[in-house]
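First up is the structure itself, then whatever we jot down about it.
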Amino acid sequence: MVQSSVLGFPRMGVLRDLKKANEAYWADKISQEALLAEGKRLRLAHWKIQKDAGVDIIPSNDFAHYDHVLDHIQLFNAVPERYTSQKLSPLDEYFAMGRGHQKGGVDVPALEMVKWFDSNYHYVKPTLQDNQTFSLAKDPKPVREFLEAKEAGFQTRPVLVGPVSFLALGKADRGSSVDPITLLDKLVPVYVELLKQLKAAGAESVQIDEPVLVFDLRPEVKAAFKPAYEAIAAAGDAVPKVVVATYFGDIVHNFDVLPAFSGAAGLHVDLVRNPEQLEPVLKQLGPNQILSAGVVDGRNIWKNDFAKSLEILQTAVKALGSERVIVATSSSLIHTPHTLASEKKLPSDVYEWFSFAVEKVKEVATLAKAVTEPEAVKAELEANAAAIKARTDSKRTNDPAVKERQAQVTPEQHNRKAPFNTRYAEQKKHLSLPLFPTTTIGSFPQTSEIRVQRNKFTKGEISAEEYERFIEKEIELAVKIQDELDLDVYVHGEPERNDMVQYFGERLNGYVFTTHAWVQSYGSRCVRPPIIVGDISRPAPMTVKESKYAASISKKPMKGMLTGPVTCLRWSFPRVDVHQSVQCQQLALALRDEVVDLEKNGIYVIQVDEPALREGLPLRKGQEREAYLKWAVDSFKLATAGVENSTQIHSHFCYSEFQDFFHAIAALDADVLSIENSKSDAKLLKVFIDEEYPRHIGPGVYDIHSPRVPTLEEFKQRIEEMLAYLKPEQLWINPDCGLKTRKWDEVKGALSHMVEAAKYFREKYANKA
Ligand code: GLN
Ligand code: ZN
């Protein structure tokens, strides 16, 4: 019998229940007991969903109130002293590390949180000391939750972050210089002790996640697997059987590590991302080892293609026999929304194409049966084939006009008409910009009034005309304030936009939207990405009306504001039936039309934001990364290159670490780049000199994430620092990101200092010239 398994289930619940409970606890609205009870209710509900679906191997310890890596920091007593010394309850100490704690005389910031591989989930970084020790927490969470499940009648497989990944994903605390991986010897005994307790509690097997195996690993990290897993194997029957899990990539380049797992019962690999690793992995397994075949995608919302998965599973079963194959999700399902059943507004044809966590769990169980007894699940297999076919054949998916246009894209369409120097000369004349031009990144404060009016409009309580008039008033206000501030390039303020991607998705063909499909991003924060279901095209201009109105009432150049193709793609659930580069090119063509329309309507400065370009970088350097950068850069260029020389293209990035892919940033050929930089060392700008970057740059001169208004002196100092790395005629003066989260007072205060500082340098350099 082929078994079925799930690597992890979303924690939030049907209606983001965990978010609500956590936030209520943080606001002192519910007690600690009430919060913990809600956690337990969710765990039990999620185990039941999986058991009812017929899943054989159900995970425990996949639940976390904030983040599962953070759970392990506490589990191994690896909590930095600045938290333990506060004498908070374990739960409060835990949240203090996740989100900081500023209450009752205690004031500690959070630990660093970073992206979990290439997903939009964020984990808390293990933050370790030179003299770090580890010990097992009292009443260890994995044991507690295993017993909780057992008591309720669920035999589960605890999920643990592996010892090597835990350390490799960590860092030295400030003031320490330890290489975390050197702490392995100290961690392993604690790990073995934990496994013994799990075995004593009745756990037959555990899932140990070692996702770092998909990275290019330093030799020190590679070498750590052997001692760690040999120590576990040496404990023999005193510990549960171990399945080592990897996901989000292939592990072929790390096959030399595999002998370290010779004592493990099995290996899990991601066969959605890298189906081609099946054959080589099959050859690597030991004579009795099990393959956990990740064929149901944990990262998206699409219905599994059973025929395709069964082909993979049959290959595995042929090689290993059905006893040695487990059908699994490719990764934990925390990257998918809870259930499709909550979606009441999706078009009915499209509804049939999707599968969220609850539905994916059923898919895993069905596939496991289908491998050996297809007759038993005949109806399910037929329904699946019909749904897949309906999607393939759908008019929604295939728009011949879009394909036709893509077929005709030429290399020349990616290039501006003239090189930068020629363009700049024309822009300078056309836009009459001063030295050190000042501008902002796009959005102005999204006041509660804006949200109220938008809600009223969505609910039909005010008419489209009334809403439009309201937006115009907001634009008038933004223009008036920019007049007063004496900025050089204006923005309309984006009052009509709820979200950078959804706003465009709603105006494009090829997208659908959900009402409840939330996915955890970090802690209690969830996002609800729009879904790309078909070929993308632009039925009508998307932003021209607002930008044109804004330009008509302002005396300085008005900057049009668009979200770039790569960011639109990255912050949506993409299709899986065509390559992402194809979808990105479709978005680029739609945006190209928008850019040209803006220009036709008198908008001669156009900013195309690409904050998500960097996060799309493949996990490993080399070919795959270069291929990504090629199509990502091409899409940006295709979107922006349709304008005249005298029109100035800007782009914006919410980061300034360009070192590892500077060539791609340079290849965008944007006339002006605004980048984050306000919290980073100005030294990061050195790359612009080293690479002789010829175009213009606006490194953020202040941090918009803080309500604080920097002084005039601070602005001058920051600009002075930048001038050490950039030529005066290259430098734009702007904040480091959009201002939508700020209050108007803060914005006016900061921008007036910013403009004054720019004027100071303008005068200083005018005299020099
Ligand atoms: N133009 C957007 C804004 O100002 C950019 C946001 C972003 O970079 N994330 O809000
Ligand atoms: Zn930004």
Side-chain angles (χ1 to χ4, degrees), residues 115 120 122 438-447 450-451 454 471 474-475 478-479 481-482 487 489-505 507 521-522 525 527 529-530 542-543 546-547 550 558-572 591 594-595 598 603 605-616 636 639-640 648-658 665 668 670 672-680 684 697-706 732-744 746-747 750-751 754:
K115 279 170 74 68
N120 194 23
H122 298 72
T438 53
T439 190
T440 59
I441 307 303
S443 58
F444 276 133
Q446 287 262 331
T447 56
I450 294 183
R451 273 192 293 271
R454 185 181 302 137
I471 293 295
E474 287 294 315
I475 294 174
V479 169
I481 292 173
Q482 293 174 94
L487 283 148
V489 172
Y490 288 11
V491 295
H492 77 285
E494 305 180 21
E496 76 288 8
R497 302 192 191 169
N498 41 358
D499 172 279
M500 285 185 75
V501 175
Q502 191 178 338
Y503 184 80
F504 290 91
R507 284 157 184 77
S521 171
Y522 64 89
R525 279 280 296 191
V527 294
M542 306 183 281
T543 66
E546 289 80 9
S547 287
M558 176 59 61
K559 184 159 66 165
M561 205 56 61
L562 303 172
T563 303
V566 184
T567 301
C568 283
L569 177 76
R570 287 290 310 169
W571 291 352
S572 306
L591 287 162
E594 186 72 14
V595 167
L598 282 169
I603 310 296
V605 182
I606 301 167
Q607 177 175 312
V608 179
D609 293 328
E610 283 292 21
L613 185 76
R614 186 175 215 283
E615 65 181 54
F636 179 89
T640 51
Q648 188 168 62
I649 297 292
H650 289 223
S651 186
H652 168 69
F653 305 94
C654 303
Y655 45 83
S656 41
E657 297 87 6
F658 295 128
I665 297 298
L668 297 174
V672 182
L673 292 182
S674 65
I675 62 181
E676 187 261 311
N677 202 261
S678 75
K679 285 180 304 239
S680 333
L684 282 178
I697 312 152
V701 289
Y702 81 99
D703 175 16
I704 61 90
H705 304 90
S706 159
W732 280 66
I733 309 293
N734 47 255
D736 70 350
C737 197
L739 296 160
K740 57 175 159 255
T741 55
R742 295 271 61 87
K743 299 207 169 66
W744 270 116
E746 298 156 3
V747 166
L751 292 183
M754 184 185 92

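Quantities reported herein were computed from a predicted structural model and do not represent experimental measurements. When a ligand or atom number is given, it counts from 1 through the structure's own listing order.
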**Request:** Would you check whether H652 has a nitrogen or oxygen atom less than 3.5 angstrom from a nitrogen or oxygen atom of ligand 1?
**Result:** yes

**Request:** With heavy atoms of G442 as the reference, note each atom of ligand 1 found under 4.0 Å away.
**Result:** 4 (O)

**Complete:** Given the options I697, V489, V701, W732 meets side chain to side chain contact (heavy atoms under 4.5 Å, CB included) only with V489

**Message:** Return the SG to CD1 distance between C654 and I441, rounded to the nearest 0.5 Å.
**Reply:** 8.5 Å

**Prompt:** Which residue, L598, L591, L562, forms the side chain to side chain contact (heavy atoms under 4.5 Å, CB included) with M542?
**Reply:** L591

**Asked** What orientation do Y522 and H122 show, parallel under 30°, tilted 30 to 60°, or perpendicular over 60°?
**Response** perpendicular

**Asked** Relative to each other, are the rings of Y655 and F658 parallel, tilted or perpendicular (30° and 60° limits)?
**Response** perpendicular

**Request:** Could you find the nearest protein heavy atom to atom 1 (N) of ligand 1 and give me its residue, atom name and distance?
**Result:** D609 OD2, 2.7 Å

**Asked** Should you measure from each heavy atom of C654, which atoms of ligand 1 turn up under 4.0 Å away?
**Response** 7 (C), 8 (O), 9 (N)

**Message:** Restricting to under 2.8 Å, identify the protein N, O or S atoms around the Zn ion (ligand 2) as residue plus atom.
**Reply:** H652 NE2, C654 SG, C737 SG

**Message:** Quick check: S443 and ligand 1, any N/O pair under 3.5 Å apart?
**Reply:** yes

**Non-hydrogen side-chain atoms of L673 and H650 separated by less than 4.5 Å** = no

**Prompt:** Under 4.0 Å from any heavy atom of I441, which atoms of ligand 1 are there?
**Reply:** 1 (N), 4 (O)

**Message:** As an exercise, state the distance from CG of L613 to CG of L668, rounded to the nearest 0.5 Å.
**Reply:** 6.5 Å

**Request:** Before giving the answer on side-chain contact (heavy atoms from CB on, under 4.5 Å), spell out for S651 and D609 the whole-Å C-alpha distance, their side-chain angles and the decisive distance to 0.1 Å.
**Result:** CA-CA 5 Å; S651 186; D609 293 328; 5.9 Å; no

**Message:** If the condition is salt bridge (charged side-chain N to carboxylate O under 4.0 Å, His left out), which residues does R454 pass it with, not counting sequence neighbours?
**Reply:** none

**Request:** Measure from atom 9 (N) of ligand 1 to every heavy atom in K559, M500, E494 and give the option owning the shortest one.
**Result:** M500

**Prompt:** Under the criterion side chain to side chain contact (heavy atoms under 4.5 Å, CB included), which of R497, E494, R507 is the partner of T543?
**Reply:** R497

**Asked** What atoms of ligand 1 come within less than 4.0 Å of a heavy atom belonging to G738?
**Response** 3 (C), 4 (O), 10 (O)

